[in-house]
Amino acid sequence: MKSYDHKKIEKKWQKDWAKSGLYETKDNSKKPKFYCLDMFPYPSGEGLHVGHPKGYIATDIYSRYMRMKGFNVLHPMGWDAFGLPAENYAIKNKVHPKISTAKNIKHYKQQLEMLGLSYDWTREIDTTDPAYYRWTQWIFLQMFKQGLAYESYEPINWCPSCQTGLANEDLEDGKCERCGSEIEKKPMRQWVLKITDYADRLLNDLSTTDYDRPKIIDKTNPPIKGSPFVERNVAHAIVFDPKNKKYLIIRNKKHGWDTLVIGGIEKGETAEETARREVREETGYTDLEFKKILGGETEAHYYAKHKGENRIAFATAVYFELKSNKRVPIADGEDAADEVLWIEEKDFVPGKMINAELPVWLARLKNPKLGWPKPLLEWPESIKEAQRNWIGRSEGLLFTAPVKDTDIKIQTFSAHFEAFYADTFVVIAPDHPLLPQLVAGTANEKEVLKFSQDLVKKRIKEGFNANKEPEGIFTGRYIVDPIGNGDLPIWVANFAIADYGTGIVKASCHDERDFAFAKKYNIKMKPVLFPADPAEKAKVKNLEVCYFDMKNGLLAEPAEFAGKKAGDIRADIANFAVKKGLAVKKVSYKLRDWVFSRQRYWGEPIPLIHCEKCGVVAVPEKDLPVELPKVKSYAPTGTGESPLADIKSWVNTKCPTCKGPAKRETNTMPQWAGSSWYYLRYMDPKNKKALVDSTKEKYWSPVDLYVGGTEHATRHLIYARFWHKFLNDIKVVSTNEPFKRFGKSLGLVLGEDGRKMSKRWGNVVNPDEVVATYGADTMRLYEMFMGPFDQEIAWNTQSMIGSRRFLEKVWKLSEKVGKKTTPEIAVDLHRTVKKVGEDIESFNFNTAVSSLMILANSLEKCETIARADFEALIKLLAPFSPHIAEELWSGKGSVHNAPWPIYDEAKTISAMVTIIIQVNGKVRGNINVKMGTVETTVVEEAMSCASVAMHISGKEIKKTIFIPNKLVNFVV
RNA sequence: GCCGGAGUGGUGGAAUUGGUAUACACGCACGACUCAAAAUCGUGUGUCGCAAGACAUGGGAGUUCAAGUCUCCCCUCCGGCACCA
């Protein structure tokens with residue numbers, strides 16, 4: 001047999017696949033669809049390092065797996081090619097970005113092809129292609145027409161080095177994310193997208209529950225490996241008390257988990273009878289009125305480990321209402337660990353019983369057609385949480401009060417308003433636009449303004465975080481307090497932020513910063529919230545400490561709520577304030593509108609025209625795209641205009657409405673524009689009439705699996721969701737969310753020294769060299785085998801050799817293909833098929849590879865290997881190392897079109913099992929017995945085992961624990 | 001400060017969800033093949049101990065017949081948000 005020559009093999013099959021169009025995807029197919037997407041790269045001049053393709057390898061494995069499972073897979077790639085590096089390169093080297101970008105794309109593509117990634121290159125897209133950005137401009141125009149894009153002159157983040165405005169999302173610790181420069185606040189004309197209109201939807205859909213039709217269990221498929229299982233029909237009792245609007249639950253004392261009253265339906269019993277009986281036995285309540293029955297044994301199910309049994313339960317829920325509080329004594333004994341409670345639905349703490357939970361049943365009660373719940377977005381919790389933080393919703397009250405001696409009314413926002421009777425002063429942000437108007441005419445007007453400006457400067461210089469010392473100045477103005485605390489002084493305070501809430505805050509002693517501020521400047525304070533402890537209360541009263549527990553603190557004022565816990569009456573006090581006309585309810589977000597203008601060259605021109613007569617006019621859709629003209633100098637002007645402003649022939653145009661002289665908008669779009677919708681274009685990349693054909697869109701949407709770095713959690717992923725929701729609103733797309741599942745977040749590949757791979761450290765590993773020396777198949781396998789996908793792991797070339805050795809082992813195994821494999825291998829084979837499939841689906845690629853290695857090790861010990869068994873191994877290997885698999889494949893056609901092997905659950909269980917024998921919890925030996933051997937036999941054999949006998953002889957066996965097919969533990 | 005995630009051999013990491021801790025791989029040691037080396041194959045490899053055994057999953061307590069896994073407290077590291085009212 002020839003030796004394994006990866007160079008020859010890989011080149012050969014890459015050519016062959018390209019020639020036969022193996023990975024080209026059809027838009028119509030009877031197969032179910034699967035859309036598997038990578039975050040497309042920005043093609044930089046440096047090319048790829050070995051870490052970049054990690055995510056691409058994972059999606060490639062997933063795509064190949066799904067193709068073999070019989071799905072019609074869309075797996076495309078493209079280029080996010082607008083952006084600063086190409087432009088900076090142009091400024092330095094006078095090379096048009098279009099040319100350098102094209103060169104970089106070519107290099108990137110060649111590097112990706114070298115890895116044998118199964119992209120459908122006929123669908124390749126490039127955001128800088130006018131045929132593509134025509135549609136980016138088109139979407140912007142739709143937003144403009146809907147009033148979602150507006151011109152603003154508010155101060156924005158300005159990067160003095162990049163000479164452009166930036167969105168909040170482009171900052172990192174108050175610095176430019178790209179170049180690290182300190183950001184200035186600069187007022188300038190800009191285009192802004194109203195993402196805040198979508199804040200609520202963007203937030204809510206992170207937690208929205210979708211419903212699946214319930215699955216029918218495959219009864220031959222026990223959920224708990226190697227253990228016998230018991231089928232039970234189970235009744236869940238939902239007992240509602242209409243008087244108190246509460247539900248009856250049982251709470252586990254140890255864990256605090258809640259469950260409904262649940263019991264197994266005995267022979268001859270109806271579900272209703274069971275539910276009644278269980279409620280009586282476990283809680284004592286007897287006077288229940290039957291209302292409704294839910295579920296049914298074939299519809300509902302869950303797996304559970306219950307009283308030593310592995311159970312599959314077919315659940316039915318019976319809905320009762322409580323007629324009276326009649327109770328009989330509760331049966332003693334087994335349920336001492338639980339307590340019986342009446343709770344509101346919102347207070348339910350989910351227990352461990354899958355699908356046995358109250359909210360699930362109530363949702364089903366309201367809508368019987370619902371299946372079982374699952375999240376609308378199957379995303380890592382960390383990314384959802386980052387988005388929630390970013391959107392930063394808080395509910396509060398908006399107070400309005402007149403400013404004494406002026407016509408001005410100011411509004412303040414409070415999220416912690418429970419103790420608003422304590423408010424004794426007001427603070428305003430030093431950069432608040434209302435400030436000059438507010439202090440106009442006061443004695444020290446100039447001093448206040450000067451001081452405020454200095455505060456702003458200082459804050460920029462030191463960064464927000466550094467300066468914890470409260471600083472401020474009295475404005476000379478007061479608001480009239482409607483609740484009778486007299487006139488409240490208005491102070492400028494360095495900790496107030498102009499663009500959150502209203503930028504003005506009512507302040508009291510029940511906030512740490514306000515308290516410190518008032519102490520420093522001797523401002524009057526008035527505590528109204530106290531701890532229960534008398535000594536502590538005295539301290540608060542004397543203003544020795546700041547008390548801000550809005551949950552457990554007891555209110556003294558207003559009189560209506562005196563003595564109540566603040567946490568309990570939050571909603572009531574809000575209503576009280578609203579009723580009295582003091583405030584209105586208001587929701588505030590940290591999310592800001594998206595600053596969408598860049599004063600740079602290399603981006604999509606914003607398709608608007610400024611006409612002296614007609615104002616801002618949209619470029620007619622038929623005139624799209626507005627192409628980026630060639631310029632002489634790419635350098636930013638720094639004037640708030642992009643370099644486009646200098647091209648008179650381009651800037652000067654006619655107004656599409658009045659045909660009079662007009663000027664084009666010279667700002668360009670940010671880099672995030674093109675990537676906010678690119679996944680739609682792959683569905684229909686060449687369409688000249690529409691962004692995407694609606695039939696194709698309906699077939700392919702949504703993206704089933706998306707993989708990329710978490711650094712995009714609060715930018716690209718929020719922007720794309722925003723655009724998608726907008727496109728859904730204007731009926732261009734049919735779904736509410738673009739990306740159904742986000743695979744595990746991508747963990748970086750670090751350099752061999754454990755630091756981030758970078759030119760600066762000289763630790764960049766070039767994939768070209770790795771592929772040349774070890775082969776693409778080895779590199780792919782190694783990157784998946786390194787460790788958990790979402791973890792940062794240092795590259796180790798030495799360690800990679802193990803993956804190469806494994807492939808050579810498989811290569812040699814092909815020589816052993818003969819008639820028969822040792823029969824014991826069957827169990828290993830079925831187990832491996834199961835494990836590899838499950839691991840790919842759950843992104844546990846490292847353990848998938850390890851199980852392949854284990855299988856290969858077992859096969860190696862066989863004299864000969866049956867052809868079918870060897871082919872199964874090759875199929876399992878194919879997604880990971882496609883070239884060698886194709887080379888070793890002897891079946892019909894390409895291995896990548898071959899059906900994924902099927903495993904038989906029954907055959908994954910070996911006939912013999914090893915039983916561990918413990919004495920007092922310590923392992924003293926083991927015995928091999930037949931699967932399912934009964935307790936008495938096992939115990940007998942275990943006791944006769946020499947190493948065990950030694951530890952039990954002469955001692956009294958107090959207890960024997962027997963876990964079928966697993967272990968015996970003697971307690972002596 | 002708040003919210004998420006993690007801590008297991010010399011190294012990367014497994015562990016069927018409470019049931020043999022260290023699978024798989026790297027490295028290392030010894031052996032086979034070789035004039036020799038590389039490659040390959042075999043054996044061994046948590047720590048202490050000649051052994052029986054004891055001790056080991058960041059630290060400390062607890063629950064349990066049984067804890068890497070569950071509960072509580074503490075430490076360290078990584079990520080997100082952060083003068084957000």
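Chain letters run A, B, ... following the sequence lines, proteins first and then strands; every chain starts at 1.
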**Asked** Just how far, in rounded Å, is P of B:A52 from NZ of A:Lys922?
**Response** 16 Å
**Prompt:** With sugar-phosphate meaning primed atoms plus P, OP1 and OP2, does A:Lys958 contact a base, only sugar-phosphate, or nothing at under 4.0 Å between heavy atoms?
**Reply:** nothing
**Message:** Before we go on, tell me: are the rings of A:Phe420 and A:Phe399 under 6.0 Å apart, centre to centre?
**Reply:** yes
**Asked** Partners of A:Ser588 by side chain to side chain donor-acceptor pair (under 3.5 Å), sequence neighbours excluded?
**Response** none
**Request:** Could you check whether A:Ile854 gets within reach of a base, just the sugar-phosphate, or nothing at all, counting any heavy atom under 4.0 Å?
**Result:** sugar-phosphate
**Request:** Name all pairs fulfilling the side chain to side chain donor-acceptor pair (under 3.5 Å) condition that reach into residues 509-521 of chain A, sequence neighbours left out, sorted by first residue then second.
**Result:** A:Glu469-A:Lys520, A:Asp511-A:Arg513
**Asked** Got a sec, which residues hit salt bridge (Lys or Arg N to Asp or Glu O under 4.0 Å) with A:Glu935, two or more places apart in sequence or on another chain?
**Response** none
**Message:** What I want to find out is whether A:Arg570 reaches A:Glu418 closely enough, with some N-O distance under 4.0 Å, to be called a salt bridge.
**Reply:** yes
**Prompt:** When the C1' atoms of B:U17 and B:C70 are considered, how many whole Å apart are they?
**Reply:** 11 Å
**Prompt:** Expressed in whole Å, how much space separates the C1' atoms belonging to B:G49 and B:A54?
**Reply:** 9 Å
**Any residue meeting salt bridge (Lys or Arg N to Asp or Glu O under 4.0 Å) with A:Arg755, in chain and number order, not counting sequence neighbours** = A:Asp753
**Prompt:** Distance between the C1' atoms of B:G62 and B:G18, in whole angstroms?
**Reply:** 16 Å
**Request:** Name all residues meeting the salt bridge (Lys or Arg N to Asp or Glu O under 4.0 Å) criterion together with A:Glu808; count only those two or more places apart in sequence or in a different chain, and write none if there are none.
**Result:** A:Arg804
**Message:** Taking only the P atom of each, what is the distance from B:A56 to B:A66 in whole angstrom?
**Reply:** 15 Å
**Request:** Return yes if the base of B:G27 and the side-chain atoms of A:Gln798 contain a donor-acceptor N/O pair under 3.5 Å, otherwise no.
**Result:** no
**Prompt:** How far, in whole Å, is B:A23 from B:U16 if one measures between their C1' atoms?
**Reply:** 12 Å
**Prompt:** Please give, in whole Å, the distance from B:A25 C1' to A:Met853 CE?
**Reply:** 6 Å
**Message:** For a stem of at least 3 consecutive Watson-Crick or G-U pairs with distances under 3.5 Å, i pairing with j, i+1 with j-1 and so on, which stems involve RNA chain B?
**Reply:** B:1-7 with B:75-81, B:10-12 with B:24-26, B:27-32 with B:40-45, B:46-48 with B:53-55, B:58-62 with B:70-74
**Item:** Spacing between A:Arg755 atom CZ and B:C77 atom P, to the nearest angstrom
**Value:** 19 Å
**Residue list, side chain to side chain donor-acceptor pair (under 3.5 Å) with A:Tyr774, at least two apart or on another chain** = none
**Request:** Give A:Lys590 one of three labels, base, sugar-phosphate or nothing, depending on what nucleic acid heavy atoms sit under 4.0 Å from its own.
**Result:** base
**Request:** With A:Lys54 as the cation and A:Phe789 as the aromatic partner, state whether NZ or CZ is under 6.0 Å from the six-membered ring centre and within 45° of the axis.
**Result:** yes
**Message:** By nearest atom, which of the nucleotides B:C26, B:C83, B:A85 is closest to the A:Asn494 side chain?
**Reply:** B:C83
**Complete:** When rounded to whole Å, the CD1 to P distance for the pair A:Ile963 and B:U20 reads 11 Å
**Prompt:** When syn is taken as a glycosidic angle within 90 degrees of 0, is B:U47 syn or anti?
**Reply:** anti
**Item:** No-H, no-angle donor-acceptor pair, A:Asn969 side chain to B:C65 base, under 3.5 Å
**Value:** yes
**Asked** With sugar-phosphate meaning primed atoms plus P, OP1 and OP2, does A:Gly925 contact a base, only sugar-phosphate, or nothing at under 4.0 Å between heavy atoms?
**Response** nothing
**Asked** Would you call B:G4 syn or anti, using the 90° rule around 0?
**Response** anti
**Prompt:** Distance between the P atoms of B:G1 and B:U45, in whole angstroms?
**Reply:** 47 Å
**Interatomic distance, A:Asp839 CG vs B:C24 P [rounded to whole Å]** = 16 Å
**Prompt:** Given the C1' atoms of B:U69 and B:G7, what is the spacing between them in whole Å?
**Reply:** 14 Å
Polar pairs (N or O, both sides) under 3.5 Å between protein and nucleotides 37-42 of chain B?
from  : atom 1 : to       : atom 2 : distance (Å)
B:U40 : OP1    : A:Arg805 : NE     : 3.4

**Message:** Applying a 4.0 Å non-hydrogen cut-off, can you work out what A:Arg804 is touching in the nucleic acid: base, sugar-phosphate, or nothing?
**Reply:** nothing
**Prompt:** Does the ring center of A:Phe515 lie less than 6.0 Å from the ring center of A:Phe517?
**Reply:** no
**Request:** Select one nucleotide: of B:C55, B:A85, B:A14, the one nearest the side-chain heavy atoms of A:Thr847.
**Result:** B:A14
**Message:** Under the rule for side chain to side chain donor-acceptor pair (under 3.5 Å), what residues qualify as partners of A:Asn844, not counting sequence neighbours?
**Reply:** A:Lys744, A:Ser842
**Sugar-phosphate, base or nothing in reach of A:Asn857, heavy atoms under 4.0 Å** = sugar-phosphate
**Request:** Could you state the atom-to-atom distance from CG of A:Leu488 to P of B:A85 in whole Å?
**Result:** 21 Å
**Message:** Say we look at B:G27 and B:G10: how far apart would their C1' atoms be, to the nearest angstrom?
**Reply:** 8 Å
**Asked** Is the gap between the ring centers of A:Phe880 and A:Phe785 under 6.0 Å?
**Response** no
**Message:** I want to verify a distance call: between B:A85, B:G80, B:U20, whose nearest atom is closest to the A:Val923 side chain?
**Reply:** B:U20
**Complete:** Here the distance between atom P of B:U16 and atom CG of A:Leu967, to the nearest Å, is 15 Å
**Request:** Using side chain to side chain donor-acceptor pair (under 3.5 Å) as the criterion, list what pairs up with A:Thr400, not counting sequence neighbours.
**Result:** A:Gln411
**Message:** Just to be sure I understand the rule, does A:Asp514 reach a base, reach only the sugar-phosphate, or reach nothing, if contact means heavy atoms closer than 4.0 Å?
**Reply:** nothing
**Request:** By nearest nucleotide on RNA chain B, pick out whichever of A:Pro788 and A:Gly501 is the more 5' one.
**Result:** A:Pro788
**Fill in**
Sorted by chain and number, sequence neighbours left out, salt bridge (Lys or Arg N to Asp or Glu O under 4.0 Å) with A:Asp200 holds for A:Arg393
**Toward the 5' end of RNA chain B, by each residue's nearest nucleotide, A:Ile916 or A:Lys959** = A:Ile916
**Asked** Should the pair A:Glu815-A:Lys812 be classified as a salt bridge under the 4.0 Å nitrogen-to-oxygen rule?
**Response** no
**Asked** To the nearest angstrom, how far is A:Asn389 atom CG from B:G79 atom C1'?
**Response** 11 Å
Is there any protein nitrogen or oxygen under 3.5 Å from a nitrogen or oxygen in nucleotides 4-12 of chain B, and what are the pairs?
from  : atom 1 : to       : atom 2 : distance (Å)
B:G12 : O2'    : A:Met786 : O      : 2.5

